[in-house]
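One structure is given below, encoded as structure tokens.
Only this structure's heavy atoms are used, side chains among them; waters, hydrogens and symmetry mates stay out. Protein chains get the first letters and strands the later ones, always in sequence-line order, with residue 1 at the start of each. What you see is a predicted model; the values in this text were computed from it and never measured.
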There are 2 protein chains.
Amino acid sequence: MMKPDVYAANCPTRQILDRVGDKWAVLILLLLREEPMRFNQLRRTIEGISQKMLSQVLKSLERDGLIKRRAIATVPVTVEYSITQLGITLAAAVDPLRDWAEQNLKDVLAAQRRYDAQLKDEAA
Amino acid sequence: MMKPDVYAANCPTRQILDRVGDKWAVLILLLLREEPMRFNQLRRTIEGISQKMLSQVLKSLERDGLIKRRAIATVPVTVEYSITQLGITLAAAVDPLRDWAEQNLKDVLAAQRRYDAQLKDEAA
DNA sequence: CGGGATCCGCTGTGATACTG
DNA sequence: CAGTATCACAGCGGATCCCG
């Protein structure tokens, strides 16, 4: 039932969690699941990401086989990023988390307020 | 079907993803789902975490209402951490991700090797 | 035992400028 | 358009010491 290796240092889960934890990676994955997109298109859609980060994250997602890069020889060059089959399955595994977030954020925020109020009381 | 706010800067999902992405948070959550634990017990089990980080993560997990801290007035003091109901549901949402990791890590690693080999070829 | 406080190095990240 | 290169900086996280 339990999976002990989760608590070791180099378990698969840890590596994937790092990926998912990446501030932008999942965002991009979910975007590309909807439709393929070009570099600046992603940049404009995501809003807040620097072009350095975008380029970096795209590269690492491609390296992991989660997205695919296709350069089209137009002038100027066009590059289209799309999700892979592997990426689609990962995105699917992320969905429960997204649903959880939407359903429970309110409770989390409430807990935070309670905790902070508690601290202020003790300080006084 | 699609949930557009996921791509905005301050969506719930982003906040939860940050939590899940935390290197230690999920690990601790999964541990405490198995059984309540004390501070140094966690420290020894996780191996690699500094006491500063552990204390910090525990505090933020408690603040989010995901775990619960109970101090027992023995000498010396005993403190027991346990998961909350909310924490249990989050852990459940993480399970698909853990399963995905175990099933697909091999593919990811293979993709990385292919990508790296490709780069080396182009360099030559 | 269960932490808090401090110092400090490293790297992740952003801004800017440049290129094919 | 789709990036790369360089620099400069903040903050994360580790190590250490200390306390109730």
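In terms of phosphate contacts, B/T74 brings no side-chain nitrogen or oxygen within less than 4.0 Å of OP1 or OP2 of C/dC1. Look at B/Y81 and you'll find a side-chain N or O under 4.0 angstrom from OP1 or OP2 of C/dG3. OP1 or OP2 of C/dG4 has at least one side-chain nitrogen or oxygen of B/K59 nearer than 4.0 Å. Neither OP1 nor OP2 of D/dA2 sits under 4.0 Å from any side-chain N or O of A/T78.
Distance B/E47 CD to D/dG14 C1': 16 Å, rounded to the nearest Å. In this entry the distance linking CD of B/Q56 with P of D/dC12 reads 8 Å, nearest Å. Between B/K52 atom NZ and C/dG9 atom C1' the separation is 12 Å, expressed in whole Å. Between the CG atom of B/N40 and the C1' atom of C/dG4 there is a distance of 14 Å, rounded to whole Å.
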Under the criterion side-chain contact (heavy atoms from CB on, under 4.5 Å), I'd like the reasoning laid out for B/L27 against B/I46: C-alpha separation, chi angles, the key distance, then a yes or no. CA-CA 8 Å; B/L27 214 60; B/I46 294 184; 3.9 Å; yes
A/K59 and B/Y115: side-chain contact (heavy atoms from CB on, under 4.5 Å), yes or no, with the steps? CA-CA 10 Å; A/K59 210 178 295 183; B/Y115 184 93; 3.0 Å; yes
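Residue B/R38 is classed as a sugar-phosphate contact, given heavy-atom separations below 4.0 Å to backbone atoms only. Nucleic acid contact for A/K23: none, since no nucleic acid atom lies under 4.0 Å from a heavy atom of the residue. Residue contacts shown for A/R69 are limited to sugar-phosphate atoms, with no base heavy atom under 4.0 Å away.
A side-chain N or O of B/S60 and one of B/R19 form a donor-acceptor pair less than 3.5 Å apart.
We find that B/D95 and B/R98 are joined by a salt bridge, their nearest charged nitrogen and carboxylate oxygen being less than 4.0 Å apart.
Nearest-nucleotide assignment on DNA chain C puts the 5′-proximal partner with A/S50, out of A/S50 and A/P76.
Counting atom types as modelled, A/Q51 pairs a side-chain N or O with a base atom of D/dT4 as donor and acceptor under 3.5 Å.
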